[in-house]
Amino acid sequence: MSKLSRREFVYMMAVLGSAPVFANSHTRMVETTKNLEDYYKLKPYGNVRLMHMTDSHAQLLPVYFREPSVNLGFHGNYGKPPHIVGEKLLDYYGIKGNKRLEYAYSMVNFEKHAKAMGRTGGFAQIKTVVDFLRNSFGADKSLLLDGGDTWQGSWTALQTRGKDMVGAMNLLGVDVAVGHWEFTYNAQEVLDNVKELKAEFLAQNVKVKEDALFNETEIAQQAYDQDNGYAFKPYTIKEIGGARIAIIGQAFPYTTIANPQRFIEDWTFSINDEGMQELVDEVREEEKPDAVIVLSHNGYDTDKKMAEVVTGIDFIMGGHTHDGVPEAYPVKNENGVTYVCNAGSNGKFLNVLDLDVKDGKIVGHKFTLLPIFSDLIPEDPTMKKYIEDVRAPFKKDLDRVIATTEQTLFRRGNFNGSWDQIICDALIDVKGADISLSPGFRWGTSVMPGQDITFDDLATQTAMTYPETYARDISGKDIKLILEDVADNLFNEDPFYQQGGDMVRTGGISYKINPTAKMGERISEITLTKTGQKLDANKSYKVAGWSTVGAKSPGEPVWETVETYLQNVKHIANLKVDTPDIVGIKGNPGII
């Protein structure tokens, strides 16, 4: 990277008000102006720097991304990060009035801030920041970790089967990576991409099935360790800054439940907390590391439970739930404290963890969740050129305008978002259905009022390897069971049973949900919105949906369905989002 002057490399001087929770931040964050200098010049600390990003979902360009207004926490996670939203979050972290941080960490005044400050993220901007932080601290003392969900989420990633993102990761200088949506390509494609990836791809909880090993299938023969069944390398040792750092990989445990197993038939996935404890003990005994880091795609609450039940881990650098948490959260366990971190999504943030490692242990740390404000950061020219070249063959499709909107279109949140509503409405309209169901995916960027909706925008909501639609008759009883099953997945008291995603999005119905109720008793008063009639358990309804996990559906890809609908509608205005009636949440800080 060419040397940048202070004025060319605009950077925010700091990290977050006077709240004591930020006592271990590199420096304090102050209100920003367009003339700020040294925004990303964190004061060096210690002898090891770990940079961490996650869940970029193939977003090579800067994006708009609205943080959730509903992120409910219950039981042991009630009122704890990340289950605090809006003004309550700003109060919790003492950052109310700081416009930059308000925009980065919350959805408060989102449209106003987006208009003033523009997009966030972008791999060309991230490369500039990573290179600066690496070179200013010492390249021989720094590592860049990628927490997964990197190869999926854009049209270019789908068309190249993730190879565009492998190239971007290599250019970015990623050292260690784990996965989740990476496994929604077929197994051989995953292995081929891993071979092209310069980073080490780790997973202690992905094993090869015994019958695949016995039958010596082609995939089994490519396993990292056939004797112990590891499909991928479980951990690595990095010697940096005079310290031995052990990094253990944890892939998304429920990949073959939340996503199709048919693509990766020879592999199994699990929490494997007992195996994690055994591996941590083994690594500490045999490798004598100065620090043990878990690079995880469990999800934030699951990582916190992992930190409680497994001892000997110093930090868990996590992903999956897309939570931008501006602190390293301490979790107590039998033998001490494990800190849990998460770096948001869509390239919007970069975690920076500096460690002071002495005498075989961590004696101190500084942590900062850095927002990547695209308007403040010059693009790295090499990465910019790479992105232009990757997108060039698809540019005609990507730039195609489908419709316009005067409303903010977003997805992230426990319940329906406006983008999800468009998908649900499209399924009903195009398929002639009574009811529509759309998965509670967290990935997908936002579109601002007055902005054209392009096919590129649509692809950020739909580009995946099992996009096929369906329309079938389902009984009222089974519709309720589907809602109950997903609700238990989301609100189960035990984080180890929360298997990913938000609540299924619905069209054509309204319902009441009590997240605190027992399994099978959370959903009630399901009503058809068109007629006002209650759903009849014994009656069949035509239900349209997409993204079936068990077997491939017969219909066209969902992006074709939605594009047909948007071309007919032409302009989004007065969109009614079918949000359920949520009860049992009075005073919960996880909802506006």
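The basis for the numbers below is simple: all heavy atoms, side chains too, and nothing from hydrogens, waters or symmetry mates.
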(request) Report yes or no: does H52 contribute a side-chain atom to a donor-acceptor pair with the main-chain N or O of N351 at less than 3.5 Å? (result) no

(message) Quick check: closest heavy atoms across A251 and A203, and the distance to 0.1 Å?
(response) CB-CB, 4.2 Å

(request) Please report the C-alpha distance between L197 and M169 in whole Å, then the side-chain angles of each, then the deciding distance to 0.1 Å, and finally whether the side-chain contact (heavy atoms from CB on, under 4.5 Å) criterion is met. (result) CA-CA 8 Å; L197 187 67; M169 291 171 71; 3.8 Å; yes

(request) Go through the steps to decide whether I402 and L458 satisfy the test side-chain contact (heavy atoms from CB on, under 4.5 Å), and finish with yes or no. (result) CA-CA 9 Å; I402 301 172; L458 175 57; 3.9 Å; yes

(request) Evaluate the side-chain proximity of Y470 to T548: yes if any heavy-atom separation is below 4.5 Å, no if none is. (result) yes

(message) Quick check: closest heavy atoms across P82 and V325, and the distance to 0.1 Å?
(response) CB-CG2, 4.0 Å

(request) Determine whether the side chains of W546 and S438 contain a donor N or O and an acceptor N or O closer than 3.5 Å. (result) yes

(request) Scan side-chain atoms only and decide if E182 and Q152 contain a donor-acceptor pair under the 3.5 Å cut-off. (result) no

(message) Treating N170 as the side-chain partner and E196 as the backbone partner, does any N or O pair qualify as donor plus acceptor under 3.5 Å?
(response) yes

(message) Under 4.0 Å between a side-chain nitrogen and a carboxylate oxygen: does that hold for D301 and K305?
(response) no

(request) Report the distance from atom CG of L172 to atom CE of M165, rounding to the nearest 0.5 Å. (result) 9.0 Å

(message) Atom CD of residue position E274 - does it have more than 12 heavy atoms of other residues, nucleotides or ligands inside 6.0 Å?
(response) no

(message) Do the side chains of D192 and K163 get close enough for a salt bridge, i.e. N-O under 4.0 angstrom?
(response) no

(message) Any carboxylate oxygen within less than 4.0 angstrom of a Lys/Arg side-chain nitrogen, looking at R412 and D323?
(response) yes

(message) Once rounded to the nearest 0.5 Å, what's the spacing between atom CZ of F455 and atom CG of L566?
(response) 11.5 Å

(message) Could you report the tightest heavy-atom contact between A343 and M53, atom names first, then the distance?
(response) CB-CA, 4.2 Å

(message) Determine whether E308 and E334 satisfy the following criterion, side-chain contact (heavy atoms from CB on, under 4.5 Å), listing intermediate values before the conclusion.
(response) CA-CA 8 Å; E308 290 176 358; E334 286 185 1; over 6 Å; no

(request) Using only heavy-atom distances, determine whether the side chains of D303 and S296 contain a donor-acceptor pair under 3.5 Å. (result) yes

(request) Please check if the side chain of D314 supplies one atom and the backbone of I293 the other of a donor-acceptor pair under 3.5 Å. (result) no

(request) Flag the pair W419 / Y64 as yes when their ring centroid distance falls below 6.0 Å, and as no otherwise. (result) no

(message) Please check this pair: side chain of Y185 against backbone of L191, looking for a donor-acceptor N/O pair closer than 3.5 Å.
(response) no

(message) Check K127 with D131, please: is the shortest side-chain N to carboxylate O separation under 4.0 Å?
(response) yes

(request) Look up atom CD1 in I482 and atom CG in D485, then write down how far apart they are to the nearest 0.5 Å. (result) 8.5 Å

(request) Report yes if the distance between the aromatic ring centroids of F232 and F201 is under 6.0 Å, otherwise no. (result) yes

For residues 263-270, which side-chain donor-acceptor pairs fall under 3.5 Å, sequence neighbours excluded?
unit_1	atom_1	unit_2	atom_2	d
D266	OD2	T217	OG1	2.7

(message) With a 4.5 Å cut-off on side-chain heavy atoms, are L370 and F349 touching?
(response) no

(message) Is any side-chain heavy atom of D502 closer than 4.5 Å to one of F415?
(response) no

(message) Is any side-chain heavy atom of I316 closer than 4.5 Å to one of Q250?
(response) no

(message) Does this structure show an ion pair linking D420 with R505, if we count only N-O contacts that are shorter than 4.0 Å?
(response) yes

(message) So, taking the atom named CD1 in I313 and the one named OG1 in T311, what distance separates them when rounded to the nearest 0.5 Å?
(response) 8.0 Å

(request) Would you please say whether a donor-acceptor pair under 3.5 Å links the side chains of T255 and N259? (result) no

(message) Whether E556 and K431 form a salt bridge (side-chain N of Lys/Arg under 4.0 Å from carboxylate O of Asp/Glu) is what I want to check.
(response) yes

(message) My understanding is that only one of H297, H57, H322 makes a ring-ring contact (aromatic ring centres under 6.0 Å, His included) with H180; could you say which?
(response) H297

(message) So if I apply the salt bridge (Lys or Arg N to Asp or Glu O under 4.0 Å) rule between D456 and each of R391, R400, K396, K395, which one comes out positive?
(response) R391

(request) State whether a side-chain donor-acceptor pair under 3.5 Å links Q277 with D281. (result) yes

(request) To the nearest 0.5 Å, tell me how far S547 OG sits from Y466 OH. (result) 4.5 Å

(message) Under 4.0 Å between a side-chain nitrogen and a carboxylate oxygen: does that hold for E200 and K233?
(response) yes

(message) Main chain of T454, side chain of D457: is a donor-acceptor contact present, judged purely on distance under 3.5 Å?
(response) yes

(request) Looking only at non-hydrogen atoms, find the nearest pair between S154 and Q59 and report the distance. (result) CB-NE2, 4.2 Å

(message) Are Q188 and E218 packed together at the side-chain level, in the sense that at least one heavy-atom pair is separated by less than 4.5 angstrom?
(response) yes

(request) May I ask you to decide whether K238 forms a salt bridge with D175, counting only side-chain N to carboxylate O separations under 4.0 Å? (result) no

(request) May I ask you to check if K304 and Y329 form a cation-pi contact, with NZ or CZ under 6.0 angstrom from the six-membered ring centre and within 45° of the axis? (result) yes

(request) Give a yes or no on whether the backbone of G312 and the side-chain of R284 come within a donor-acceptor separation of less than 3.5 Å. (result) yes

(request) Say whether, by atom type as modelled, one donor and one acceptor occur between the side chain of Q498 and the main chain of N492 under 3.5 angstrom. (result) yes

(message) Tell me whether N346 contacts the main-chain N or O of K348 through its side chain, where contact means a donor paired with an acceptor under 3.5 Å.
(response) no

(message) Please check if the number of heavy atoms outside K552 that lie under 6.0 Å from its NZ is greater than 12.
(response) no

(message) Using modelled atom types and a 3.5 Å cut-off, is there a donor and acceptor pairing between side-chain atoms of E189 and backbone atoms of R161?
(response) no

(request) Report yes if the distance between the aromatic ring centroids of W151 and F183 is under 6.0 Å, otherwise no. (result) no

(request) State, with a plain yes or no, whether a side-chain heavy atom of T382 is found less than 4.5 Å away from one of K385. (result) no

(request) Could you tell me whether R442 and D149 make a salt bridge, using a distance below 4.0 angstrom between a side-chain N and a carboxylate O? (result) no

(message) Using the rule given for side-chain contact (heavy atoms from CB on, under 4.5 Å), can you reason through D488 versus R522, listing the C-alpha separation, both sets of side-chain angles and the distance that settles it, and then say yes or no?
(response) CA-CA 8 Å; D488 188 66; R522 293 186 176 95; 3.0 Å; yes

(message) Donor-acceptor pair, distance only, cut-off 3.5 Å: does the side chain of T160 make one with the backbone of D164?
(response) yes

(request) Cation-pi check, K207 to Y230: give yes when NZ or CZ is under 6.0 Å from the six-membered ring centre and within 45° of the ring axis, no otherwise. (result) yes

